[in-house]
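Structure first, then comments.
Every chain is numbered from 1 and lettered A, B, ... according to where its sequence line falls, protein lines coming before strand lines.
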There are 2 protein chains.
Amino acid sequence: MARRSDHSREEIREMALEAAEKLIAEEGSKALSARKLASAIGYTVGTLYLVFENLDDLILQVNARTLDRLHARMLEALAPLDDPTERILMLGHSYIAFADAHPHHWELVFEHRLPPEKEPPQWYKDKVRRMFALVETELEPLAAGRGSKAITQAAAALWSGVHGICILAISKQLDVAGVDSVQDLTHSLMSNYLKGFVG
Amino acid sequence: MARRSDHSREEIREMALEAAEKLIAEEGSKALSARKLASAIGYTVGTLYLVFENLDDLILQVNARTLDRLHARMLEALAPLDDPTERILMLGHSYIAFADAHPHHWELVFEHRLPPEKEPPQWYKDKVRRMFALVETELEPLAAGRGSKAITQAAAALWSGVHGICILAISKQLDVAGVDSVQDLTHSLMSNYLKGFVG
DNA sequence: GCACAACACTGAACGATGTTCAATATAATT
DNA sequence: AATTATATTGAACATCGTTCAGTGTTGTGC
């Protein structure tokens with residue numbers, strides 16, 4: 001064997017990420033393995049390690065793409081809305097809808113742990129930060145006169161809260177709690193918090 | 001080798017669970033392996049499989065004990081308080097404090113996934129349900145006249161929200177968001193939600 | 001005190017995992 | 001055509017969860 005330049009490094013990288021996403025979407029993150037992934041793109045394990053540092057690195061790239069997609073989806077959902085309250089509620093709803101549509105991908109974003117003491121790279125942290133920033137921006141019109149500290153905290157509280165609902169919903173623990181509609185629950189959390197926050 | 005009745009099955013079970021808890025607390029759940037665990041209690045792998053169905057089963061037992069400890073801790077924290085608002089805020093605070101004190105154990109409760117389509121046993125679901133129930137009970141005095149449906153939903157929203165903070169805090173993503181105090185954030189989430197909910 | 005049955009326990013074996021790297025086959029260059 | 005450079009391989013290693021035929025220990029009945 002040993003073909004040469006059938007695909008550039010970039011092409012292989014893209015093929016691998018797409019194959020990984022397909023595997024994860026269809027069978028969950030536990031089904032992802034180096035050999036399976038390699039054979040899915042018609043290469044062998046060794047080649048994967050030319051393109052990615054290791055599987056942790058590959059998963060980080062997959063998660064980055066998931067975060068990008070959610071971010072894009074949220075901006076899209078925001079576009080047609082004007083009312084500040086509607087806009088911020090929409091952030092929560094589109095988050096939940098996204099996680100519901102891609103549960104395995106979303107699980108992976110929060111299940112995946114780097115080896116201890118090894119921090120995610122800055123570019124990845126920025127993608128996470130961007131989510132909180134989105135909420136902060138939408139919160140501003142509703143928090144007239146509040147300091148930026150208060151807005152940061154409120155955004156973190158809202159985002160964390162919606163995130164918690166998300167996690168529990170994916171792992172089916174909200175059924176146990178007697179919740180019938182996850183979207184209603186999200187609405188309850190956000191609107192009541194905002195009522196309290198805005199005053 | 002092949003000792004007989006040095007320890008009863010129950011004793012071995014207890015030893016294994018304690019050793020597992022020690023390993024998890026000190027090195028995180030990734031450090032847990034059947035061989036390591038077996039040698040920690042002076043037995044071999046085979047013996048573990050006499051006492052537990054498999055590692056998933058063992059982890060479920062560990063998680064059950066973690067849930068029990070948190071539940072007990074919450075009841076303890078509640079005991080000296082009378083004011084309904086104080087009591088419910090305390091639930092959130094003691095939850096966060098517990099997760100902060102035992103991050104690896106708490107991570108495991110939410111990272112661990114059974115094989116797809118395999119549900120956790122009823123006794124385990126009950127332990128989860130009990131947490132929500134605790135919040136519902138404390139919510140009742142604050143929700144005079146509200147239907148049990150509304151209380152259930154509010155409890156789920158509060159618990160999910162605090163849980164979300166918990167998860168993000170453990171995975172260090174709240175630092176990224178510019179949050180300085182997790183306990184303050186929890187207080188913000190709960191008190192603002194309650195302000196909105198109670199009216 | 002002895003044989004035997006019942007049981008506790010072992011550890012080699014299996015297939016899978018992530019990761020490495022000497023060997024090899026192909027392309028580019030001379 | 002010969003040589004160099006490099007893209008790709010796949011066998012090898014340590015480790016994983018899990019199984020189960022075999023071995024050693026104990027309690028029972030004679």
Side-chain angles (χ1 to χ4, degrees), chain A residues 1-17 19-21 23-24 26-63 104 108 111-118, chain B residues 1-17 19-21 23-24 26-63 104 108 111-118:
Chain A
M1 311 283 158
R3 301 158 302 168
R4 188 170 175 184
S5 297
D6 271 17
H7 306 93
S8 73
R9 259 169 155 70
E10 261 318 310
E11 283 172 328
I12 293 180
R13 179 194 182 75
E14 183 62 26
M15 288 161 66
L17 289 175
E21 284 171 343
L23 257 172
I24 291 163
E26 289 172 1
E27 309 181 45
S29 59
K30 288 232 69 167
L32 189 79
S33 86
R35 277 171 255 259
K36 223 188 275 187
L37 194 50
S39 89
I41 63 172
Y43 282 82
T44 56
V45 263
T47 303
L48 280 181
Y49 283 83
L50 292 175
V51 174
F52 300 97
E53 203 184 310
N54 50 38
L55 274 204
D56 269 353
D57 178 31
L58 186 147
I59 291 174
L60 200 75
Q61 315 286 339
V62 171
N63 286 345
H104 289 142
L108 188 55
E111 263 175 26
H112 184 239
R113 298 268 177 275
L114 292 173
E117 313 310 308
K118 224 199 163 198
Chain B
M1 307 286 158
R3 301 156 302 172
R4 188 168 173 187
S5 298
D6 271 18
H7 305 93
S8 73
R9 259 167 154 71
E10 261 320 308
E11 282 172 328
I12 294 180
R13 178 193 181 76
E14 182 62 26
M15 289 161 65
L17 289 175
E21 284 171 342
L23 257 172
I24 291 163
E26 289 171 3
E27 309 181 45
S29 59
K30 289 232 68 163
L32 190 78
S33 86
R35 278 170 254 260
K36 222 190 274 188
L37 194 51
S39 89
I41 63 173
Y43 282 83
T44 56
V45 262
T47 303
L48 281 182
Y49 285 81
L50 292 176
V51 173
F52 300 96
E53 203 183 311
N54 51 36
L55 275 204
D56 269 354
D57 178 32
L58 186 147
I59 291 174
L60 200 76
Q61 315 287 337
V62 170
N63 286 345
H104 288 143
L108 188 55
E111 264 175 25
H112 184 240
R113 299 267 175 276
L114 292 173
E117 314 309 309
K118 232 213 156 184

* Asked: Taking the side chain of Tyr49(B) as heavy atoms from C-beta outward, which of dT19(C), dT10(C), dG17(D) is closest to it?
  -> dG17(D)
* Asked: Measuring from Ile59(B):CD1 to His112(B):NE2, what's the distance to the nearest 0.5 Å?
  -> 4.0 Å
* Just call it for Leu32(A): base, sugar-phosphate, or nothing, with non-hydrogen atoms closer than 4.0 Å on any strand. => sugar-phosphate
* Can you check the Asn54(A) CG to dT19(C) P distance for me, whole Å? -> 5 Å
* Base, sugar-phosphate, or nothing for Ile12(B), non-hydrogen atoms under 4.0 angstrom? -> sugar-phosphate
* Asked: Of the nucleotides dG11(C), dT20(C), dT9(D), which has the atom closest to the Thr44(B) side chain?
  -> dG11(C)
* Distance in angstrom units between Lys30(A) NZ and dG18(C) C1', rounded -> 13 Å
* 4.5 Å side-chain heavy-atom contact, Asp6(A) and Tyr43(A) -> yes
* Asked: With a 4.0 Å cut-off, would you call Lys36(A) and Glu26(A) a salt bridge?
  -> no
* **Whole-Å distance separating the CG atom of Leu37(B) from the P atom of dT10(C)** => 13 Å
* Starting at atom CZ of Phe52(A), determine the distance to atom P of dG18(C), rounded to an integer number of angstrom. => 14 Å
* Structure fact -> note: Glu27(A), atom CD; dA16(C), atom P; distance rounded to Å ~ 14 Å
* Asked: For DNA chain C, whose closest nucleotide is more 5', that of Arg35(B) or that of Asp56(A)?
  -> Arg35(B)
* Just checking Ser33(B): base, sugar-phosphate only, or nothing, at a heavy-atom cut-off of under 4.0 Å? -> sugar-phosphate
* **Protein-nucleotide distance (Met15(B), atom CE; dA8(C), atom P), rounded to Å** => 16 Å
* Asked: Does dT9(D) have OP1 or OP2 sitting under 4.0 Å from an N or O in the side chain of Thr47(A)?
  -> yes
* Mind checking the OH-CG spacing from Tyr49(B) to Leu55(B)? Nearest 0.5 Å is all I need. => 4.5 Å
* Asked: Within this structure, what is the CD1-to-C1' distance between Ile41(B) and dA8(C), rounded to whole angstrom?
  -> 13 Å
* Value rounded to 0.5 Å, distance of CD1 in Ile24(B) from CG in Leu32(B) -> 5.0 Å
* Assign each of Val45(B) and Glu53(A) to its nearest nucleotide of DNA chain C by heavy atoms, then name whichever residue's nucleotide is nearer the 5' end. => Val45(B)
* Asked: What integer distance in Å separates Leu48(B):CG from dC16(D):P?
  -> 13 Å
